[in-house]
Student: 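Just dropping this structure here.
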Amino acid sequence: MTQHSHAGVHTAVHAGHDDGHRLEADLAQLLELDAETSGSALDEMTAWISRQVTAEPRTIVDLGAGTGAGSLALARRFPSAQVVAVDRSAVMLDRVRAAVRGQGLEGRVRAVQADLDVAWPAVGAADLVWASSFLHEVADPGAVLGDVRDALRPGGLLVVVEMDALPRFLPDDIGLGRPGLEFRCHRALADAGWNAHPDWRPLLEHAGFEVLAPRTVSTGASPAPSATARCAAAWFARMRPALQDRLAAEDLDVLDHLMAPDAPEALLNRRDLSFRGSRTAWAARRP
Ligand SMILES: C[S@@+](CC[C@H](N)C(=O)[O-])C[C@H]1O[C@@H](n2cnc3c(N)ncnc32)[C@H](O)[C@@H]1O
């Protein structure tokens with residue numbers, strides 16, 4: 001299996017068909033739990049966007065939409081807009097369609113399959129483009145930014161969002177092994193290029209955008225303990241294979257203990273978890 005080594009949440013791209021499908025389904029579940037757990041962060045972002053736009057957007061495009069959390073939040077924030085959720089994954093787009101039906105937003109949000117490394121889809125002119133945890137996944141971000149600029153109407157806005165770091169769930173001392181396990185996991189994954197992204201400002205400016213001040217929001221809401229535990233379990237399941245050769249055997253044993261569903265100290269049974277994370281958004285206007 002080959003993955004983009006720089007992906008924030010690694011996306012399988014060249015896995016065998018069954019493996020690829022399963023990895024995408026796992027990622028879809030993780031994205032849904034992440035959206036459920038990160039509380040009002042998306043609404044805070046869309047409220048901020050509503051203060052940056054110069055007119056009510058008519059067409060919004062969500063690039064690398066995943067399961068559509070951003071598309072749906074934008075559709076709710078801008079009730080007169082049509083939203084296009086673009087992703088290369090059919091698995092993700094099926095989840096988007098289901099969520100759209102679940103929220104009664106048929107006719108407002110449509111799902112379009114396209115690989116943005118290959119070609120920009122025929123979605124028409126846009127007033128607002130949203131790209132969350134996506135731009136660092138493409139092969140040539142500068143080329144995609146050029147496509148976005150061409151698709152935006154003059155005065156239109158692009159919002160690029162990235163996680164500042166992988167979300168944290170565990171206390172420093174979990175009563176098993178050496179304290180600081182989660183820190184060591186994240187450091188090992190950072191060394192492997194997970195969630196690696198630059199400050200996007202220079203590339204946005206190079207692509208001809210006028211960059212507004214960036215905005216950072218905390219995703220540390222207070223979700224239900226069971227949702228936090230399921231989200232933590234999904235994150236650790238995602239991280240575990242990449243940690244195999246990067247952590248000491250003692251840490252790997254503790255990790256496996258945490259991920260075993262029936263152990264009393266397992267993630268799914270713990271009550272000392274909390275979701276702590278933050279995201280930064282760069283808003284950029286097409287002159
Ligand atoms: C980490 S997920 C982020 C999903 C969503 N934007 C969010 O913030 O929850 C990245 C998404 O980008 C999609 N993606 C990655 N590369 C892509 C490409 N070249 N063209 C279209 N979609 C792509 C993946 O399928 C995945 O759904």
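Starting from 1, each residue takes its place in the sequence as its number. Atoms within each ligand, like the ligands themselves, are counted from 1 in listed order.
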Student: Give the contacting part of Leu31 toward ligand 1: side chain, backbone, both or neither, where contact means a heavy-atom distance below 4.0 Å.
Tutor: side chain
Student: Say whether, by atom type as modelled, one donor and one acceptor occur between the side chain of Arg108 and the main chain of Ala75 under 3.5 angstrom.
Tutor: yes
Student: Determine whether Leu252 and Trp194 fall in the same hydrophobic cluster, where Ile, Leu, Val, Met, Phe, Trp and Tyr are linked whenever their side-chain heavy atoms lie under 4.5 Å apart.
Tutor: yes
Student: With respect to Val86, determine whether any N or O atom, backbone or side chain, lies less than 3.5 Å from an N or O atom of ligand 1.
Tutor: no
Student: Output yes when the distance from some N or O of ligand 1 to some N or O of Ser89 is under 3.5 Å, and no in every other case.
Tutor: no
Student: Test your reading of the model: is there a side-chain donor-acceptor pair from Arg276 to the backbone of Ser274, 3.5 Å cut-off?
Tutor: yes
Student: Just distances here: any N/O of Asp87 and N/O of ligand 1 closer than 3.5 Å?
Tutor: yes
Student: For atom 5 (C) of ligand 1, which candidate among Ala85, Gly64, Ala28 holds the nearest heavy atom?
Tutor: Gly64
Student: Which ligand 1 atoms, with their elements, are less than 4.0 angstrom from a heavy-atom of Asp115?
Tutor: 18 (C), 19 (N), 20 (N)
Student: Report yes if the side chains of Thr46 and Arg76 come closer than 4.5 Å at any heavy-atom pair, otherwise no.
Tutor: no
Student: Considering only heavy atoms, does Met92 approach ligand 1 within less than 4.0 Å through its side chain, its backbone, both, or neither?
Tutor: side chain
Student: If the cut-off is 4.0 Å to any non-hydrogen atom of Ser132, which atoms of ligand 1 fall inside it?
Tutor: 3 (C), 5 (C), 6 (N), 7 (C), 8 (O)
Student: Test of understanding: given a 4.0 Å heavy-atom threshold, classify the contact between Ala114 and ligand 1 as side chain, backbone, both, or neither.
Tutor: backbone
Student: Out of Glu137, Arg88, Met163, who is nearest to atom 22 (N) of ligand 1 when you count heavy atoms only?
Tutor: Arg88
Student: Does Glu265 offer a backbone N or O that forms a donor-acceptor pair with the side chain of Arg270 under 3.5 Å?
Tutor: yes
Student: Please confirm whether the backbone N or O of Ala213 pairs with a side-chain atom of Arg201, one donor and one acceptor, at under 3.5 Å?
Tutor: no
Student: So is Ser133 polar-close to ligand 1, meaning N/O to N/O under 3.5 Å?
Tutor: no
Student: Under 4.0 Å, heavy atoms only, figure out whether ligand 1 is touched by the backbone of Ala35, its side chain, both or neither.
Tutor: neither
Student: Looking at side-chain heavy atoms only, is the closest gap between Ile174 and Glu182 below 4.5 Å?
Tutor: no
Student: Can you give the donor-acceptor pairs under 3.5 Å from side chains of residues 58-72 to other protein atoms, not counting sequence neighbours?
Tutor:
unit_1 : atom_1 : unit_2 : atom_2 : d
Asp62  : OD2    : Ser71  : N      : 3.1
Asp62  : OD2    : Ser71  : OG     : 2.7

Student: For Ala65 and ligand 1, answer yes if some heavy atom of the residue is under 4.0 Å from a ligand atom, otherwise no.
Tutor: yes
Student: Quick one: which ligand 1 atoms are inside 4.0 Å of a heavy atom on Gly66?
Tutor: 4 (C), 27 (O)
Student: Name every donor-acceptor pair, under 3.5 Å, that has one atom in a side chain of residues 138-160 and the other anywhere in the protein, sequence neighbours excluded.
Tutor:
unit_1 : atom_1 : unit_2 : atom_2 : d
Asp140 : OD1    : Gly142 : N      : 3.3
Asp140 : OD1    : Ala143 : N      : 3.2
Arg149 : NH1    : Ala207 : O      : 2.6
Arg153 : NH1    : Asp127 : OD1    : 2.9
Arg153 : NH1    : Asp127 : OD2    : 3.0

